[in-house]
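Have a look at the structure below before the remarks.
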Amino acid sequence: MAKKPTKKAEILAVVRSFLQEDKLDIHPLEDDMVGTELDDGRGALRIVFIPDEEYDFLQIWGAPEEADEVPEACRAAMMEAITRANVDLVFGNFYLDLDSGEWGFRIAVDYSKGTLTTEMVASMVYCANERIHTYWPELRALLQA
């Protein structure tokens with residue numbers, strides 16, 4: 001008798017379907033995560049999908065491929081820039097880990113009252129893509145200062 005797939009496996013199946021529909025590569029990652037690269041001509045992004053079966057939401061994290069960790073000397077300026085950017089955002093937010101310098105953009109899909117669809121995943125991925133590319137020139141300038 002076949003085992004019923006876990007909720008996490010069901011979430012990842014929807015993510016994989018979205019990636020296949022949009023002809024994006026699928027990269028299995030540790031801890032039941034999936035990654036891909038998205039390049040719409042404005043620069044490649046790393047995207048990671050993190051399912052949360054306990055709370056019925058899918059986290060989507062993204063950052064430019066060329067983005068490295070924020071050097072310690074730039075973290076205060078980066079923190080101010082992303083805080084100012086976050087004020088204008090309706091969906092998602094930029095984050096910065098002050099200890100490691102890791103940064104990026106994250107957004108989530110809450111499907112607790114329904115079923116996760118590839119359209120929902122696409123909406124959040126392309127929203128993240130737009131937000132990252134909107135603010136990347138300013139953030140890149142800070143990193144290169």
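Both backbone and side-chain heavy atoms feed into the values below; hydrogens, waters and symmetry mates do not. From a predicted model like this one, the values you see are computed outputs, not experimental measurements.
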Treat each ILVMFWY residue as a node, draw an edge where side-chain heavy atoms are under 4.5 Å apart, and state whether [X] and [Y] are in one component.
X: Phe94; Y: Leu45; answer: yes
X: Ile11; Y: Ile50; answer: no
X: Leu98; Y: Leu143; answer: yes

Between Leu19 and Val15, does the side chain to side chain contact (heavy atoms under 4.5 Å, CB included) criterion hold? Intermediate values first, please.
CA-CA 6 Å; Leu19 294 172; Val15 169; 4.0 Å; yes
Considering only NZ, NE, NH1 and NH2 on the basic side and carboxylate oxygens on the acidic side, decide whether Glu54 and Lys7 come within less than 4.0 Å.
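Lys7 and Glu54: not salt-bridged.
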Between Glu21 and Arg16 (salt bridge meaning N to carboxylate O under 4.0 Å), is one present in this structure?
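Between Arg16 and Glu21 there is no salt bridge, as every charged N stays at least 4.0 Å from the carboxylate O atoms.
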Given side chains that start at C-beta, do those of [X] and [Y] come closer than 4.5 Å, heavy atoms only?
X: Arg42; Y: Glu130; value: yes
X: Leu139; Y: Met78; value: yes
X: Leu116; Y: Phe18; value: no
X: Asp40; Y: His133; value: yes
X: Tyr111; Y: Thr115; value: no

Rounded to the nearest 0.5 Å, how far apart are [atom1] of [X] and [atom2] of [Y]?
X: Arg140; Y: Glu66; atom1: CZ; atom2: CD; value: 5.0 Å
X: Asp25; Y: Leu38; atom1: CG; atom2: CG; value: 11.0 Å
X: Glu138; Y: Arg84; atom1: CD; atom2: CZ; value: 9.5 Å
X: Asp97; Y: Glu102; atom1: CG; atom2: CD; value: 6.5 Å
X: Asp39; Y: Leu24; atom1: CG; atom2: CG; value: 10.5 Å
X: Thr118; Y: Met120; atom1: OG1; atom2: CE; value: 10.5 Å

Among Ile47, Ile82, Leu89, which residue meets the side chain to side chain contact (heavy atoms under 4.5 Å, CB included) test with Phe105?
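So, applying the side chain to side chain contact (heavy atoms under 4.5 Å, CB included) to Phe105 and each of Ile47, Ile82, Leu89, only Leu89 qualifies.
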Any donor-acceptor N/O pair, [X] side chain to [Y] backbone, under 3.5 Å:
X: Arg131; Y: Arg106; result: no
X: Ser123; Y: Glu119; result: no
X: Arg46; Y: Glu37; result: no

Which heavy atom in [X] sits nearest to a heavy atom in [Y], and how many Å separate them?
X: Met124; Y: Ala108; answer: SD-O, 3.7 Å
X: Glu69; Y: Ser100; answer: OE1-O, 3.3 Å
X: Ile26; Y: Pro28; answer: O-CD, 3.7 Å
X: Ala81; Y: Leu142; answer: CB-CD1, 3.4 Å
X: Cys127; Y: Ile107; answer: SG-CD1, 3.8 Å
X: Gly35; Y: Leu29; answer: N-CD1, 3.7 Å

Pair Val34-Val48, side chain to side chain contact (heavy atoms under 4.5 Å, CB included): steps then yes or no
CA-CA 6 Å; Val34 172; Val48 176; over 6 Å; no
Given the rule in the side chain to side chain contact (heavy atoms under 4.5 Å, CB included) test, do Trp103 and Met79 qualify, once you have shown the distances and angles that lead to the verdict?
CA-CA 10 Å; Trp103 74 279; Met79 181 174 55; over 6 Å; no
Taking CZ in Phe91 as the centre, count heavy atoms belonging to other residues, nucleotides or ligands within less than 6.0 Å. Is the count above 12?
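Incorrect, the count does not exceed 12.
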Worked check of ring-ring contact (aromatic ring centres under 6.0 Å, His included) between Trp61 and Phe49:
CA-CA 7 Å; Trp61 294 49; Phe49 300 89; over 10 Å; no
For Tyr135 and Asn86, test the side chains for any donor-to-acceptor distance below 3.5 angstrom and give the result as yes or no.
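Tyr135 vs Asn86: no donor-acceptor pair found between side chains.
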